[in-house]
Every structure is written in structure tokens, then in C-alpha cells.
Asker: 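Supplied in C-alpha cells, the structure appears directly below.
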Amino acid sequence: MLKRLEIAGFKSFAKKTILDFSSSVTSVVGPNGSGKSNVAEAFRFALGEQSMKSMRGKRSEDLIWSGSNIAPRANRAAVTIVFDNRARIFPKLEFDEVSIERAVFRDGASEYAINGSKVRLRDVQELLASANIGETGHHIISQGEADRILTAQPRERRAMLEDALGLKVFEFKKQEAERKLERTEENVGQVEALRREIAPHIRFLQKQVEKLERAEELAKELRAASQTYFAIEEAYIRIERETTEEAAKEATGRLRAVEAELALFEERATTDSEGMRRSEAVRQAERNLDRITAERSLLARDLGRIEGALNEAKKRSVAVAREPYVKIPREDLAALKEEVDRQVALVEGAEPGAIHAAVQSLRNAMTAFFARYAGPADDFMADEEVMAKELESKRETLVQKDAALTEETERARSELSNVRERMMAHEETGREQNRRLLDLADTKAKVESELARRSAHLGQLDYLAEELEQNRREAVALVGVNALSYEPVAVLPQEDRRVQEDRKRSMERLKIRVEEAGGSGEDVRSEYKEATERETFLASELEDLAASAAGLRSLIADLDSELQKSFAEGLAKVNASFGEFFGLMFGGGGARLVLEEFAQPGSEEEDEYEIETKRKPNQKPGIEISVHLPKKRVQSLMQLSGGERALTSIALIFAMSQVNPPPFLILDETDAALDEANSRRYGDMIENLSHKSQLIVITHNRETMSRASILYGVTMGADGISKLLSVKFEEAQAVAK
Ligand code: ATP
């Protein structure tokens with residue numbers, strides 16, 4: 001599968017060097033420091049190794065040929081691995097040959113190419129993973145690294161094994177899912193915090209909107225109530241005014257008739273100069289009386305209006321006193337409730353003394369509360385009283401004026417009847433006529449007082465009209481001009497006037513409620529809409545997040561069980577071949593990997609502290625190596641000789657590599673510590689392995705060399721440049737020295 005390696009400018013390979021791998025075992029030999037290990041590193045490099053340390057460098061510059069006394073330094077190190085893909089070991093690439101190339105430059109930039117096309121590192125990694133060539137390079141065992149698997153901590157060892165079993169992919173997936181889950185949970189927290197944050201605002205807005213809706217409901221009610229009231233009131237005033245004016249007109253007619261007849265009497269009385277003089281006196285007296293009467297009539301209308309207003313005020317204050325409900329601001333109620341709750345809570349299970357104190361405070365709170373809301377006077381009544389007093393005093397003035405005018409009328413009347421009598425005496429008018437004259441005067445006075453009454457009533461109606469106008473203005477201000485769009489009423493309903501007064505009162509009550517409900521709406525409404533939309537959005541986002549968290553959790557669980565299963569299976573397989581290889585190497589005995597044991601909870605000899613430190617929940621057990629050598633009682637790795645350690649680690653590395661055989665395996669002087677007998681066994685092993693993976697062995701070992709079909713010698717001249725030559729087995733030993 002591995003066809004060729006091309007190295008140019010990489011480390012000591014200053015010039016382009018090509019290694020062909022046409023056989024299953026290729027050996028690279030050469031003296032110390034000639035550049036053999038650089039070949040193994042060239043593989044690592046081309047496969048995308050990111051750790052400089054595992055290529056024995058600090059910066060990428062260290063990988064580029066650094067020049068010598070003869071040859072100048074290079075600016076670019078490039079390595080290409082060419083694979084035979086006829087068996088489609090890279091199933092995604094429809095080419096019989098696949099080359100992977102990587103180059104670095106002195107500025108540290110890396111370039112990757114697959115079959116000559118530039119690609120990203122990730123593309124290379126994905127391609128390699130598809131052929132079970134891990135980026136972690138567990139199939140390239142560097143010089144001195146074989147031992148690492150023995151010296152490693154159990155947990156590290158487990159990681160190596162997982163890597164060799166190809167479980168890293170799952171592990172990475174799991175880690176990614178865990179990271180995502182963590183982020184998702186963070187997001188859930190944030191969204192929840194946001195929701196908590198806006199919740200009170202939404203509640204507040206909702207209350208506002210509800211209030212607004214109540215206000216609208218009330219406004220509607222008020223509109224309807226006002227319309228009914230206005231229609232009836234308007235009709236009432238109109239009809240009353242018409243009737244009264246009609247009656248007044250008729251009375252005025254009667255008055256005119258009486259006055260005409262009286263005038264006739266006076267005319268007849270003016271036959272001589274004395275008569276003239278007397279009748280002039282009568283007319284004078286009559287004019288005087290008429291003037292006073294007219295003044296009284298005006299006064300009566302004013303008085304009527306005032307009395308109308310006074311009447312309404314009285315009705316209102318009576319109504320308020322009879323009002324069945326008391327208005328209490330919500331916050332006062334809440335404060336009272338809080339106090340009651342607080343005291344009740346204090347009292348529960350308390351000493352009698354404390355109970356007494358609580359009852360005392362409760363009584364104080366209640367007394368203050370009732371004094372405030374159940375007391376007889378409230379502001380409205382006080383206002384009304386002031387107004388009523390004002391009206392009363394106005395009326396008093398008018399009544400006094402009226403009394404004065406009445407007196408004056410009386411005086412004027414008796415004056416008139418005196419002059420009339422004198423006139424009659426002079427005329428010697430008949431008895432009959434005399435009586436008629438008195439009758440007329442009497443009738444006139446009656447009609448005049450009737451007119452004054454009518455005038456007073458009209459005055460009252462004037463007041464009602466003004467009040468109606470005022471109410472209409474208020475209604476328009478509160479609920480809009482619609483308040484005035486109603487059908488006029490032609491015929492008054494058959495009802496007591498008090499019914500209409502009740503209507504007015506309930507309208508007044510509604511007005512107060514509408515005023516209190518108040519507030520402008522559209523801002524709140526749109527803000528509420530926005531806030532609820534946001535809340536809905538957050539809620540659905542939360543749902544989505546919860547769903548994806550659940551998905552991630554089950555993905556993690558799946559990966560976990562898959563990991564566990566694959567790991568257990570892999571471990572069993574590795575153990576089977578580990579035991580086998582070990583037996584082969586040592587000519588008997590046994591070895592296996594065992595899961596690290598944790599202290600069992602509840603085991604008697606452990607005290608609690610130790611259980612705490614030894615057992616870490618959720619931590620996967622590490623791997624320990626258990627060996628027993630044939631004919632020896634050595635059981636611990638620590639007690640093995642250097643060669644035995646080398647054999648054990650080789651057996652393990654081989655076993656691990658055989659579960660998921662990689663296309664090739666590079667072994668850099670893994671056999672350095674073996675004696676002749678073990679070298680032979682190692683050689684057998686290599687032949688064995690070469691059936692499954694292509695092997696490239698870097699070695700000084702004669703036995704190992706003898707198993708290879710291709711031998712490359714690496715030498716380094718005075719120019720510091722590694723050179724490659726194909727050698728025969730017989731030459732190889734010489735080159736290796
Ligand atoms: P041994 O048998 O002792 O393990 P080796 O054949 O594996 O030796 P390497 O370690 O592969 O030898 O080669 C090391 C040589 O490569 C050293 O001489 C070193 O100077 C040379 N070398 C390493 N990096 C560069 C470089 N960037 N430019 C030039 N020469 C380099």
C-alpha cells in the first residue's frame with residue numbers, strides 16, 4: 001500500500017531523496033547520526049503531525065535543511081508519501097495512486113496537497129482517518145518510545161489504547177457534544193434569566209392593559225348612560241319650558257285684558273280738570289306698581305334659578321350620604337391587609353403577651369382605617385356644603401330683596417286703591433262699578449303673582465339647561481363627541497322625576513370612575529404586544545434549546561455506550577494477541593491488560609477518606625499491565641530486565657497495532673535492547689506482522705535486517721547531507737556500523 005516516500009529539504013535530507021517500498025518489510029540502516037530517524041519523522045511530518053516535539057524540533061524552521069559549510073540552507077522542506085490505492089484503501093478517492101504532500105517554509109507556513117491539489121490539514125486528517133492512519137501516529141514508534149507504554153500512568157495508557165483502537169473519534173465527538181451541551185445549558189440559563197427579567201414588566205403592562213380595557217368598558221357605559229340622561233333631560237326642559245311659557249303667555253293675555261278694562265275706568269274719570277288730575281295720579285300709581293311688578297318678576301326668575309341649583313345641591317349631598325359604597329384606594333387596602341397578615345403571623349404560636357400587643361396594633365390600624373373611610377364627612381360633601389352655603393346666602397339676599405319689593409308692592413297697591421277710591425268718590429261712580437274695580441285690581445294682583453311663579457319656574461329650567469350644558473361638555477371631554485349622538489326624545493317616559501335624578505347620579509358616579517381609570521392607551525398596548533411577543537419568542541427558544549440539550553444528552557449517552565462497548569471489545573482483542581505475542585517472545589508465560597481497580601465503596605478496611613480520594617466518580621479506570629514470566633516468579637514490571645521490558649512493550653505494541661491494523665508500521669530501533677535469541681523472536685514477529693501491515697524498520701540489528709527484502713543504507717558525508725543507497729544484505733552490516 002505504501003509506495004514511495006519523497007523527501008526534499010527536510011532536516012538532513014538536503015537533496016531530493018526517494019525511498020521505494022515495494023516489499024512488505026523494508027529496513028533502513030546506517031551509522032549513528034546519519035539521518036535514519038529523520039526518515040521516520042518525515043512520515044510523521046507528511047501525515048500532518050502538529051507536535052514539533054515529536055519531530056525533535058522547536059520551530060518549524062528546525063525541520064528545514066539548515067545548510068552546511070558546502071551546501072546552502074533550504075527555504076522549504078517538503079515530504080510526499082505516495083500510496084497505492086488500487087485496493088481503494090482511501091475509498092473516497094477514485095485514483096490508483098494517492099499522494100499526500102506537506103511543505104513548510106521558513107516563516108512557519110505549512111501547505112498540504114492531495115494528489116497535487118492544495119487542501120487543508122483537516123482534509124488530510126479526514127483522508128487518513130478513512131484508512132485507519134491516525135494522526136496521533138501510534139503506528140510510528142520512535143526511537144526509545146517503545147518503553148513509553150510501560151512507563152506511562154494507567155490513565156495515559158488507556159488513552160494510548162483508545163487511540164490504537166480508533167476510539168479517539170468517538171472521544172472527540174463526545175467532547176464536542178459535551179462542549180455544545182455546556183454552551184446550550186449556558187444559553188438556557190441566559191434565556192431563563194431574560195424571561196425572569198421581563199416577567200415583572202409584562203405583569204405590569206398586562207395590568208395596565210387590563211385597566212385600560214376596564215376604562216374603555218366604563219367609558220362605554222358612561223356614554224350610554226349620558227346619552228339616555230341627556231335625551232330625557234333635554235326633552236324635559238323643552239316640554240316644561242313650552243308649557244310654562246304657554247301658561248305665562250295666556251296669563252299675560254289675561255293681565256292685558258284686566259289692564260284694558262281698568263284703563264277704561266280711568267278714561268271715563270277724566271271729564272274735568274280735577275278728574276284729569278286724579279286719574280293722572282292713578283296712572284302714576286299704576287305705573288309705579290307695574291315697574292315694581294316687573295322687577296319682582298325678574299327677581300322671581302333669578303330666585304328660581306338659585307333655588308333650582310340649591311335643590312340639586314341638596315339632592316346631591318343627600319345622595320352622597322346615602323351612597324351604599326365607600327371608595328377606598330387599593331394601596332390603603334393593601335397596607336391594611338399587610339398589617340393584618342403581619343400581626344396574624346406574629347401571633348401564631350406566640351406568648352399571650354405578644355398576642356395582646358398584636359391585637360392592640362391591629363385595633364389601632366383598624367381604628368385609623370375606619371376613621372378615614374367610614375367617617376361621615378368626605379371631601380365631596382364638604383365641597384357641596386360650601387357651594388350650598390354660597391347659594392343659600394345668595395338666595396337670602398334675593399329673598400330679602402323680594403320681601404322689600406313685596407312691601408313696596410303692598411304700598412304701591414294701597415296707594416293705588418287710595419287714589420282710585422278718591423277718584424271714584426269724585427266720580428260718584430255706582431256701587432256696582434266700584435266693586436268691579438276692586439275685583440279687577442284683585443285679579444290683576446293674582447295674575448301677576450302667577451306670572452311671577454311661572455317666571456321662577458322658568459328660572460329653574462334655565463338652571464337645569466345650564467347644568468345640562470355643563471354635563472354635556474364634561475361627557476364630551478371624558479368619552480368624546482359620541483356622547484352627544486343620540487336620538488332626541490319627543491315624548492317623556494311615564495315616570496317620576498326621581499328616576500331621571502337617579503340616572504344623573506349613576507352618570508356622575510361613572511364619570512368619577514372613568515376619570516380615575518384614565519390613562520392613554522396605545523403606547524401601553526403596543527409595548528405590551530411587543531413584550532409578549534418577545535416572551536413567546538423566548539419561550540419557544542427555550543423549548544428549542546431544551547430539545548437540543550436533550551438531543552445532545554442522548555447523543556452523549558449513545559457515544560458513551562458505544563465507547564464502552566468498543567473499548568471492552570478492543571481490550572479483549574488486544575489481550576488475546578498480547579498474551580499470544582508475549583508467549584512467543586518469552587517462550588511461555590503470560591501477560592494481559594487489566595482495568596485499574598478502584599476501592600469498592602463500603603469495603604471494610606478502607607476508611608472514608610481513602611474512598612473519597614481513590615474513587616473518582618465518572619472517571620474511567622486506567623489500564624495496568626500484569627505479566628508473569630515463564631519459570632520466574634517476577635510479577636511486577638519494575639522487576640523486569642531491560643531486554644524483558646523491551647520484549648514486553650514490543651509484544652504490547654504489536655498486539656495493539658493488530659486490532660486495527662494500520663496500512664504501515666514504522667519501528668525506529670525498537671529492537672536495540674534485544675539479545676540474539678530475542679532478536680530472532682522479534683524477527684519472527686515482524687514477519688508475522690508484515691502479513692497485515694507494511695513494515696519499515698530502522699535498525700542496527702543484523703537479525704532484523706535479514707528479514708527485510710529491501711535494505712536502504714543512509715550515510716552522511718562531510719557536507720552534513722544524508723544520502724540514501726540501496727544495499728545488499730551483505731553490505732548492510734557494513735553500512736550499519
Ligand atoms: P542514530 O542511529 O544515532 O539514532 P540516526 O541515523 O537516527 O542516528 P538522525 O537522528 O535521524 O540520525 O539524524 C540526526 C542528524 O540529522 C544530525 O546529524 C542532525 O544534525 C541532522 N539534522 C537534523 N535536523 C537538521 C536540519 N534541519 N538541517 C540539517 N541537518 C539536520
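Note that ligands are numbered from 1 as they come in the structure, with each ligand's atoms numbered from 1 the same way. Reckoned from all heavy atoms, side chains included, excluding hydrogens, waters and symmetry mates.
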Asker: Short list, please: which atoms of ligand 1 are under 4.0 Å from a heavy atom of Ile64?
Answerer: 26 (C), 27 (N), 28 (N)

Asker: Do me a favour and list the nearest non-hydrogen protein atom to atom 10 (O) of ligand 1 with residue, atom name and distance?
Answerer: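 Checking every protein heavy atom, the shortest distance to atom 10 (O) of ligand 1 gives Arg56 NH1, 2.9 Å.
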
Asker: Among residues at least two apart in sequence or on other chains, which ones pass side-chain hydrogen bond (donor to acceptor under 3.5 Å, both in side chains) with Asp719?
Answerer: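 So Asp719 forms a side-chain hydrogen bond (donor to acceptor under 3.5 Å, both in side chains) with Lys723.
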
Asker: Run the contact test for Gly720 against ligand 1 with a 4.0 Å cut-off on heavy atoms, strictly below, and give the result.
Answerer: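 Not so, Gly720 does not reach ligand 1.
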
Asker: Counting heavy atoms not belonging to Lys3, are there more than 12 under 6.0 Å from its NZ?
Answerer: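 Result for NZ/Lys3: enclosed.
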
Asker: In terms of residue, atom name and distance, what is the protein heavy atom nearest to atom 15 (C) of ligand 1?
Answerer: Gly33 O, 3.6 Å

Asker: Should you measure from each heavy atom of Glu669, which atoms of ligand 1 turn up under 4.0 Å away?
Answerer: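 So the atoms of ligand 1 that pass are 1 (P), 2 (O), 4 (O).
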
Asker: Show the atoms of ligand 1 that are less than 4.0 angstrom away from any heavy atom in Pro31.
Answerer: 6 (O)

Asker: So which heavy atom in the protein is nearest atom 29 (C) of ligand 1, and how far is it from that ligand atom?
Answerer: Trp65 CE3, 3.3 Å

Asker: With the threshold set strictly below 4.0 angstrom, can you tell me whether any protein non-hydrogen atom sits that near atom 26 (C) of ligand 1?
Answerer: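 Protein heavy atoms within 4.0 Å of atom 26 (C) of ligand 1 - there is at least one.
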
Asker: Starting from atom 4 (O) of ligand 1, find the nearest protein heavy-atom neighbour and note its residue, name and distance.
Answerer: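 Among all protein heavy atoms, the one nearest atom 4 (O) of ligand 1 is Gln143 OE1, 3.0 Å.
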
Asker: Measuring to protein heavy atoms, does anything land under 4.0 Å from atom 20 (O) of ligand 1?
Answerer: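 Answer no: nothing from the protein, no heavy atom, is under 4.0 Å.
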
Asker: Identify, by atom number and element, the atoms of ligand 1 in contact range of His700, meaning under 4.0 Å from any of its heavy atoms.
Answerer: 2 (O)

Asker: Taking the side chain as everything from C-beta on, heavy atoms only, tell me whether Thr704 gets closer than 4.5 Å to Arg707.
Answerer: no

Asker: What are the atoms of ligand 1, with element, lying closer than 4.0 Å to any heavy atom of Asp62?
Answerer: 27 (N)

Asker: Not counting sequence neighbours, which residues clear side-chain hydrogen bond (donor to acceptor under 3.5 Å, both in side chains) with Glu192? List them please.
Answerer: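 None.
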
Asker: In terms of residue, atom name and distance, what is the protein heavy atom nearest to atom 3 (O) of ligand 1?
Answerer: Asn32 ND2, 3.0 Å

Asker: Is a donor on one side and an acceptor on the other found under 3.5 Å between the side chain of Asn678 and the backbone of Asp675?
Answerer: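 No.
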
Asker: To which protein heavy atom is atom 16 (O) of ligand 1 closest, and what is the distance rounded to 0.1 Å?
Answerer: Asn38 ND2, 3.1 Å

Asker: To check your reading of the model: name the closest protein heavy atom to atom 2 (O) of ligand 1, its residue, and the distance in Å.
Answerer: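 Protein heavy atom at minimum distance: Lys36 NZ, 2.7 Å.
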
Asker: Which residue and atom name correspond to the protein heavy atom nearest atom 30 (N) of ligand 1, and how close is it?
Answerer: Ser12 CA, 3.7 Å

Asker: Does the ring centre of Phe21 sit less than 6.0 Å away from the ring centre of Phe664?
Answerer: no

Asker: Looking at every heavy atom in both Ile140 and Leu47, which two are closest together, and how far apart are they?
Answerer: CD1-CD1, 4.1 Å

Asker: Tell me whether Arg158 forms a cation-pi arrangement with Phe567, defined as NZ or CZ under 6.0 Å from the six-membered ring centre and within 45 degrees of its axis.
Answerer: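 Yes, Arg158 lies over the aromatic ring of Phe567.
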
